[in-house]
S.K.: 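Take this structure first; my questions come after.
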Amino acid sequence: MAISHKDSIQDVAELEDILSEPTQATIDTMRSLDGDVVILGVGGKMGPTLARMAKRASDLAGVSRRVIGVSRFSASKLPEKLHSWGVETHSCDLLDLKSYSQLPDAANVVYMAGMKFGSTGQQSLTWAMNTYLPGPVSERYRDSRIAVFSTGNVYGLSPARFGGSRETDPLHPLGEYALSCLGRERIFEYFSRTKNIKMSILRIYYSTELRYGVLMDLAQLVLAGKPVPLAMGHFCAIWQADAAAMSLQSLGYVATPPLVLNIAGPEVFSIRNVAEEFAERMAKPVRFEGVESEDALICNSRKAMQLFGYPRVCAGQMMTWITDWAMRGGESLAKPTHFENRAGDF
């Protein structure tokens, strides 16, 4: 289904409606799959609208299925919102193995649980969340299809002149967060190979919407007159609805060993060029600090483009919406991406 490419998104309700708009390919995927969908770690930035997209796509496909979001839901109003979208909820701490017997059965699992920000200083919890959990989750859902959310941080930095890391490149993770994420992939791969569990592993590069993402970080720096750090030099990004659609579609391509995909837009963005574009759109001056490095956290997403097609929302459209949203003082999640971090410390 096409997304309306107007110049302004007025409020969070309209934004969340657009973020959960399924593609026709997602609808077709939901029609082709049997069984319910469980989303583990639904409480993160992408989880709620991905869950809503799964439900909307299933309804549009004429398929009656439960979509169930699992999270701790501590002090959260999220369950009420999910229920209003037709998504069921199940409260669970995935580190409590006694709770696994109560987890709902499902033929399709989207694994989004993990820890990134705050990992420095809480290394043991980071490893428990990112590397330990895949084991018991694989045992619990050994008869399911599993789409596993991962990160491009497992590659390390890639020379910008080569166009970004490919799925077949060697992995050189920097810092404990990235190492623990590689551990997550290896544990899932082990269970996929030994238990014949069909999986996809999705290395996502900066899912972006109007409240969060590198593009919004850069827009806010320019708007506030703060210097834009250039050290990372380049980055990749994709509109969150397109990342969610591709992730759900990957359930139709799961394999053993797991299918590995880079999920990002087709471009490699220059931090300098993007900041200058925002400055022009906002009629603001822009200041920079540092110099561009020759390598960056970037990927080549051609493999995903070949499977799923190009994103519905292009870079220019994202920048149009973000410029308007930022200048109107739209809601922010207040969770900077730390895109400038080259050491892997989060």
Side-chain angles (χ1 to χ4, degrees), residues 3-21 44-46 48-49 116-117 151-152 160 164 204-244 263-293 296-299 301 311-342 346:
I3 289 178
S4 175
H5 286 185
K6 57 184 185 177
D7 290 339
S8 180
I9 295 174
Q10 291 304 302
D11 53 31
V12 170
E14 183 182 7
L15 172 62
E16 291 180 336
D17 188 59
I18 291 172
L19 290 175
S20 61
E21 183 82 28
K45 293 180 292 294
M46 281 186 69
T49 51
K116 180 177 182 180
F117 299 118
T151 170
I204 297 180
Y205 280 78
Y206 290 124
S207 171
T208 297
E209 51 127 308
L210 305 190
R211 298 167 295 182
Y212 173 84
V214 180
L215 288 169
M216 177 53 77
D217 287 351
L218 291 172
Q220 289 176 331
L221 287 171
V222 172
L223 187 62
K226 297 180 179 179
V228 174
L230 290 175
M232 186 60 81
H234 297 81
F235 67 97
C236 293
I238 184 170
W239 181 243
Q240 182 170 299
D242 290 311
I263 302 296
E267 312 94 344
V268 172
F269 293 93
S270 158
I271 290 174
R272 181 185 295 274
N273 291 348
V274 168
E276 289 175 342
E277 175 68 18
F278 276 128
E280 181 176 342
R281 289 169 180 256
M282 296 174 177
K284 294 276 189 178
V286 59
R287 295 188 294 131
F288 297 104
E289 63 180 12
V291 295
E292 292 94 333
S293 301
L297 187 66
I298 52 176
C299 78
S301 60
R312 291 170 294 175
V313 177
C314 67
Q317 183 65 69
M318 285 191 282
M319 294 183 70
T320 295
W321 283 340
I322 287 170
T323 300
D324 173 74
W325 188 270
M327 294 189 73
R328 288 191 290 113
E331 178 180 311
S332 168
L333 297 182
K335 294 181 178 179
T337 60
H338 301 291
F339 68 89
E340 71 280 7
N341 188 321
R342 293 177 54 82
F346 298 100

S.K.: Would you say Ser207 and Glu209 are linked by a side-chain donor-acceptor pair, where the criterion is simply a distance under 3.5 Å?
M.R.: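 There is no such pair (donor and acceptor under 3.5 Å, judged by atom type) between the side chains of Glu209 and Ser207.
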S.K.: So if I apply the side-chain contact (heavy atoms from CB on, under 4.5 Å) rule between Arg211 and each of Met216, Glu16, Gln240, Lys335, which one comes out positive?
M.R.: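 Considering Met216, Glu16, Gln240, Lys335, a side-chain contact (heavy atoms from CB on, under 4.5 Å) with Arg211 is found only for Glu16.
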S.K.: Treating Asp217 as the side-chain partner and Thr337 as the backbone partner, does any N or O pair qualify as donor plus acceptor under 3.5 Å?
M.R.: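 Between the backbone of Thr337 and the side chain of Asp217 there is a qualifying donor-acceptor contact (under 3.5 Å).
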S.K.: Please examine the side chains of Trp325 and Ile9, heavy atoms only from C-beta on, and report whether any two atoms are closer than 4.5 Å.
M.R.: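 Yes, at least one pair of side-chain atoms sits under 4.5 Å.
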S.K.: So, does Gln317 use its side chain to make a donor-acceptor pair with the main chain of Val313 at under 3.5 Å?
M.R.: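 No.
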S.K.: Indicate yes or no for a side-chain donor-acceptor contact from Ser293 to the backbone of Ala231 under 3.5 Å, with no hydrogens or angles considered.
M.R.: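 Between the backbone of Ala231 and the side chain of Ser293 there is a qualifying donor-acceptor contact (under 3.5 Å).
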S.K.: Looking at side-chain heavy atoms only, is the closest gap between Glu276 and Phe288 below 4.5 Å?
M.R.: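 Yes. Closest side-chain heavy atoms under 4.5 Å.
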S.K.: Tell me if a side-chain donor or acceptor on Thr320 pairs with a main-chain N or O of Asp7 at a distance below 3.5 Å.
M.R.: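 Not confirmed, Thr320 side chain does not pair with Asp7 backbone.
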S.K.: Can you tell which of Leu221, Asn341, Ile271 makes a side-chain contact (heavy atoms from CB on, under 4.5 Å) with Pro229?
M.R.: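 Of Leu221, Asn341, Ile271, side-chain contact (heavy atoms from CB on, under 4.5 Å) with Pro229 is met by Leu221 alone.
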S.K.: Does some side-chain heavy atom of Glu277 sit less than 4.5 Å from a side-chain heavy atom of Thr323?
M.R.: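 No, side chains not in contact.
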S.K.: With heavy-atom distances below 4.5 Å as the criterion, would you say the side chains of Trp239 and Trp321 are in contact?
M.R.: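 Trp239 reaches Trp321 side chain to side chain.
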S.K.: Measure from the side-chain N and O atoms of Ser301 to the backbone N and O of Cys299, and report whether any donor-acceptor pair falls under 3.5 Å.
M.R.: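 No, the answer is negative, given that no donor and acceptor are paired below the 3.5 Å cut-off.
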S.K.: Check whether any side-chain heavy atom of Leu218 sits under 4.5 Å from a side-chain heavy atom of Phe339, and report yes or no.
M.R.: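 Of all side-chain heavy-atom pairs linking Phe339 with Leu218, at least one is under 4.5 Å.
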